[in-house]
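Order of the sequence lines sets the chain letters (A, B, ...), proteins ahead of strands, with each chain counted from 1.
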Amino acid sequence: MNIYKHFSVVVRNVLQDLAVAGGIPAGLDLARVAVEAPREAAHGDLATNAAMVLAKAAGMKPRDLAELLVPRLTAHPEIVSAEIAGPGFINLRLTESFWRDRLKDVLVEGATYGDSDEGKGRRVNVEYVSANPTGPLTAGHARGAVVGDAIANLLVKTGHDVCREYYINDAGAQVDVLARSAFLRYREALGETIAEIPSGFYPGEYLKAVGQALVARDGAKWRDLPESEWLPELRAFAVARMMESIESDLGALGVKMDRFSSERALVEAGAVERALAELERRGLLYTGILEPPKGKQLDDWEPREQLLFRSTEFGDDVDRPLAKADGSFTYFANDIAYHFDKFSRHYPLLIDVVGADHGGWVKRITAAVTAVTDGKASVDIKLCQLVNLLQEGQPVKMSKRSGTFVTLRDIIDEVGRGVVRFIMLTRRNDQALDFDFAKVTEQSKDNPVFYVQYAHARCRSVLRLAAEQYSAAILAPESLLAADTNRLDSPEELDLIRRMAAWPAVVSGAAEAHEPHRIAFYLYDLAASFHQLWSRGKDNATLRFLLESDRSLTIARLALVQSVVTVIAGGLRAIGVEPAEELRS
RNA sequence: GCGCCCGUAGCUCAGUUGGAUAGAGCACCGACCUUCUAAGUCGGGGGUCGCAGGUUCGAUUCCUGCCGGGCGCGCCA
């Protein structure tokens, strides 16, 4: 149950009743009425701004309106008290049994606790990673991969029909460079000595395997042919090899795409012409001359007539070129075609997870999507800021040009998949993130992955011990569901229950905002609540979970512990992390 | 020059889409281990939410202008 949505309905019903009774005018706009958690727990369990946002329209003072609402709210069986505070807030306190019933929600729903059908099966396309197929995935790609995948998971949990998609940029000049670089390695594999990789080629060692594989397949077949003969074949071969490696790296991270879309295939199928025809039909194309960009030195700037898209009509700063001097389409034109293609596949909601260097591209693609779909599709672009790789606080040196860089695979091998995925979500996506190899594997409170996993492991340890001391039957669903949860009455226990009750709303909010980092922060808070409760048992033996002398209380506490396991495990899985059974090393 | 992102405790960052006395962790000071894992917990000090206006019952949040940091800026992808 999403408690905020639940009580939002309660408040709205009260307002309707009040309108029927003539206390307030009928037909007030209730859109801004909100029920949320107060910042300070001391203020109560929930707060509503109803009296404040409706006061003006109702022609009343906020507090007077609140006075009318309070008795009706208090009459609700799940509400203990309602009091007016500050400028007109109504603070609600809920019955303890309401909170304890949420524990039953967790136990009954298990792994699906927090899931909802809010998305109503709406189709969403999440495009992420989309790294150029010219080399292995790097540390930088890891962030986009994790963010995109977690967003997709959250959308699935909230009842959306999600497509995880990778766009292969296999149509530009960079894949020709790849092909030529692979050809060098091919000759090398045939026994030639390549002293040094010339500039303008990719120097990476990973291309040796591509050269060898081609020899294995075709022998010396291509060696003495002119470039025009071998280029298309080598390009296709090398791209396919790169994509295999990329897919396998993504697999190591636990990311599985539903679809790989090839830019080249799209272009060859005439998708660009179709998309541009769509824009033409709406009168959004013209031929003109752009002003030279200011503040940047361009020695070779020559004013030139070119095909332009009126992106300024949709909020962009300048109109954007669609055709190059040689008549071929720009990357932007292909991008429009690709987004139109996604829309044509019946995805009205598009999410693009891209690197921060795409900042300047947001306005134009947003404009293009609106234009080419006639406003029927929207795109949300999540820019992921840099990941700074550190070792004990010192930057790890990387240079893609010289071919030395830290790959995604290196990082996973070093710290594990779960750590990579969790740490990548410990900042908002638009905030730069430090990834310190020493810190992320440290077993301390300073390391959020460890802290959360430790809470889960502690819970599992208690459950294992319970099964030993009593019997496995004590942990059976029917045993835990029959627990007398009224025995859970300490502030720490109730705090933990309240936090777990918030989980469905956290999932819903994170999914709606496309902000998976909220899950990581929530899990940290939940873990803290649990560690607090745990340590109370240190001071006072009667506060431990397992009590020989009191079986009924033990069962109630085991129900609580099982719920914590369920919520933490569910939360970790939502961001693609496997919960740990134990951390003792 | 223009655009986008960011500016919150000494440091690293949250802040539930505009709410009340702005929160965590680290660092610092002081407590707690014959224990279901002390790899942890509790307490304390610490703030002009970059600055100045505006919008309104109410602004860290929205708008405008400055200041500071990052990224990007025709025919590359």
Side-chain angles (χ1 to χ4, degrees), chain A residues 4 32 34 36-40 42-43 47 49 52-53 55-56 61-62 85-89 91 132 134 169 171-175 263 289-296 298 300-304 306 316-318 320-321 323-326 328 330-332 334-335 355-363 383 385-386 426-428 430-434 442-448 450-451 454-455 457-459 461-466 469 502 505-506 508-510 512-513 515 517-518 521-522 524-525 528 531-539 541 544-547 557 561 582-585:
Chain A
Y4 305 108
R32 291 178 58 217
E36 50 198 9
R39 270 199 180 166
E40 292 235 10
H43 289 141
N49 60 358
M52 288 183 291
V53 298
K56 198 177 242 182
K61 288 181 181 165
F89 280 103
N91 291 327
N132 280 340
T134 54
N169 294 126
Q174 83 284 2
V175 285
E263 180 184 9
I289 299 172
L290 284 180
E291 294 286 310
K294 296 188 174 81
K296 195 193 169 201
L298 291 170
D300 57 347
W301 174 266
E302 282 173 29
R304 185 169 71 73
Q306 50 190 169
D316 201 359
D317 311 303
V318 291
R320 302 289 172 178
K324 304 182 198 172
D326 65 4
S328 64
T330 60
Y331 180 79
F332 178 53
N334 291 358
D335 252 354
D357 53 346
H358 286 67
W361 167 88
V362 173
K363 274 190 180 180
L383 295 177
Q385 280 291 344
L386 244 56
T426 53
R427 292 282 179 275
R428 265 182 9 226
D430 49 14
Q431 191 82 241
L433 175 130
D434 287 347
E442 188 177 284
Q443 301 206 330
S444 80
K445 198 181 180 185
D446 197 15
N447 177 2
F450 166 75
Y451 191 66
Y454 185 33
R458 271 183 158 172
C459 287
S461 164
V462 171
L463 296 177
R464 278 194 302 270
L465 203 68
Q469 283 182 13
V506 170
S508 156
E512 196 180 343
E515 291 188 352
H517 73 278
R518 292 190 196 181
F521 283 91
Y522 169 82
Y524 188 87
D525 288 342
H531 287 308
Q532 277 165 33
L533 177 60
W534 171 284
S535 55
R536 275 201 67 197
K538 302 266 169 220
D539 305 331
R544 297 194 186 174
F545 298 112
L546 308 180
L547 301 164
R557 289 187 175 161
V561 173
E582 58 178 350
L583 291 172
R584 203 188 285 278
S585 55

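- Contacts of D316(A) classified as side chain to side chain contact (heavy atoms under 4.5 Å, CB included), with partners at least two apart in sequence or in another chain: S311(A), R320(A), K363(A), R364(A).
- N49(A) places its CG atom 14 Å from the C1' atom of U56(B), with the value rounded to the nearest Å.
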Every protein N/O lying under 3.5 Å from an N/O of nucleotides 34-36 of chain B:
residue: C36(B); atom: N3; partner: F545(A); partner atom: N; Å: 3.3
residue: C36(B); atom: N4; partner: W534(A); partner atom: O; Å: 3.2

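- Heavy atoms of A457(A) sit under 4.0 angstrom from at least one base atom.
- At G15(B), one or more side-chain N or O atoms of H517(A) fall inside 4.0 Å of OP1 or OP2 (strictly under the cut-off).
- The residue among D434(A) and Y4(A) whose nearest nucleotide of RNA chain B lies closer to the 5′ end is D434(A).
- Rounded to a whole angstrom, the distance from the P atom of G25(B) to that of A77(B) is 49 Å.
- Residue Y454(A) places no side-chain N or O under 4.0 Å from the OP1 or OP2 atom of U41(B).
- Side chain of F521(A), nearest nucleotide from C5(B), U37(B), C13(B): C13(B).
- In U17(B) the O4'-C1'-N dihedral to the base is within 90° of 0, which defines a syn nucleotide.
- Under the ring pair (Phe, Tyr, Trp, His ring centres under 6.0 Å) criterion, F521(A) pairs with H517(A), sequence neighbours left out.
- For H531(A), the side chain to side chain contact (heavy atoms under 4.5 Å, CB included) partners at least two apart in sequence or on another chain are Y451(A), Y454(A), A455(A), R458(A), A527(A).
- Among the protein residues, G172(A) comes within range of the sugar-phosphate backbone only, with heavy atoms under 4.0 Å from sugar or phosphate atoms but none that close to a base.
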What pairs of nitrogen or oxygen atoms, one from the protein and one from nucleotides 7-9 of chain B, lie under 3.5 Å apart?
none

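- Not counting sequence neighbours, R32(A) has no partner by the salt bridge (charged side-chain N to carboxylate O under 4.0 Å, His left out) test.
- Contacts of P62(A) with the nucleic acid, taken as non-hydrogen atoms under 4.0 Å apart, are absent.
- R320(A) comes within contact range of no nucleotide atom at all, as no heavy-atom separation falls under 4.0 Å.
- The separation of A27(B) from C11(B), taken at their C1' atoms, amounts to 8 Å, rounded to a whole angstrom.
- Under a 3.5 Å cut-off, the side chain of R518(A) and the backbone N or O of V506(A) do not form any donor-acceptor pair.
- Nucleotides U17(B) and C76(B), compared at atom C1', are 37 Å apart to the nearest Å.
- Partners of R536(A) by side chain to side chain contact (heavy atoms under 4.5 Å, CB included), not counting sequence neighbours, listed by chain and number: S490(A), P491(A), E492(A), L543(A).
- For the atom pair F89(A) CZ and M52(A) CE, the distance stands at 3.5 Å (nearest 0.5 Å).
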request  = Just do the side chain to side chain contact (heavy atoms under 4.5 Å, CB included) check on N132(A) and N169(A) with the steps written out, would you?
outcome  = CA-CA 6 Å; N132(A) 280 340; N169(A) 294 126; 3.2 Å; yes

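- Residue-level contact check: A432(A) touches the backbone only, with heavy atoms under 4.0 Å from sugar-phosphate atoms and none from bases.
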remark   = Protein-proximity profile, nucleotides 20-25 of chain B, B/S/- by nucleotide at the 4.0 Å heavy-atom cutoff, equals BB-SSS

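- RNA chain B is contacted by both H531(A) and T426(A); T426(A) maps to the nucleotide lying nearer its 5′ end (nearest heavy atom per residue).
- Nucleotide G74(B) holds its P atom 14 Å from the NZ atom of K324(A), rounded to whole Å.
- Going from atom CZ of R518(A) over to atom C1' of C13(B) covers 16 Å, rounded to whole Å.
- Side-chain proximity of Q532(A) to C75(B), C42(B), U16(B): nearest is C42(B).
- The interatomic distance linking N334(A) (CG) with C75(B) (P) rounds to 12 Å, in whole Å.
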ask   = Where do T426(A) and Y524(A) land on the side chain to side chain contact (heavy atoms under 4.5 Å, CB included) test, with the steps shown first?
value = CA-CA 10 Å; T426(A) 53; Y524(A) 188 87; over 6 Å; no

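- Residue E442(A) contributes atom CD, which lies 11 Å from atom P of C26(B) at whole-angstrom precision.
- Annotation: C63(B) and U21(B) have their C1' atoms spaced 28 Å apart (nearest Å).
- Every residue meeting the ring pair (Phe, Tyr, Trp, His ring centres under 6.0 Å) condition with W361(A), not counting sequence neighbours, appears here in chain and number order: H358(A).
- Every side chain to side chain contact (heavy atoms under 4.5 Å, CB included) that K324(A) has, sequence neighbours left out, goes to D326(A), S328(A), T330(A).
- For the C1' atoms, the distance linking C33(B) with U37(B) amounts to 12 Å, nearest Å.
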query = Dot-bracket for RNA chain B, 5' to 3', with Watson-Crick and G-U pairs under 3.5 Å, [ ] for crossing pairs and | for other-strand pairs: what is it?
reply = (((((((..((((.....[...)))).(((((.......))))).....(((((..]....))))))))))))....

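- With rounding to the nearest 0.5 angstrom, the CZ atom of R544(A) is 11.0 Å from the CZ atom of R557(A).
- The residue K363(A) sits close only to the backbone: its heavy atoms come under 4.0 Å of sugar-phosphate atoms, none of a base.
- Taking all atoms of both residues into account, the shortest heavy-atom contact from Y4(A) to A502(A) is OH-CB, 4.4 Å.
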For nucleotides 64-72 of chain B, tabulate all protein N/O to nucleotide N/O atom pairs closer than 3.5 Å, reporting atom names and distance.
none

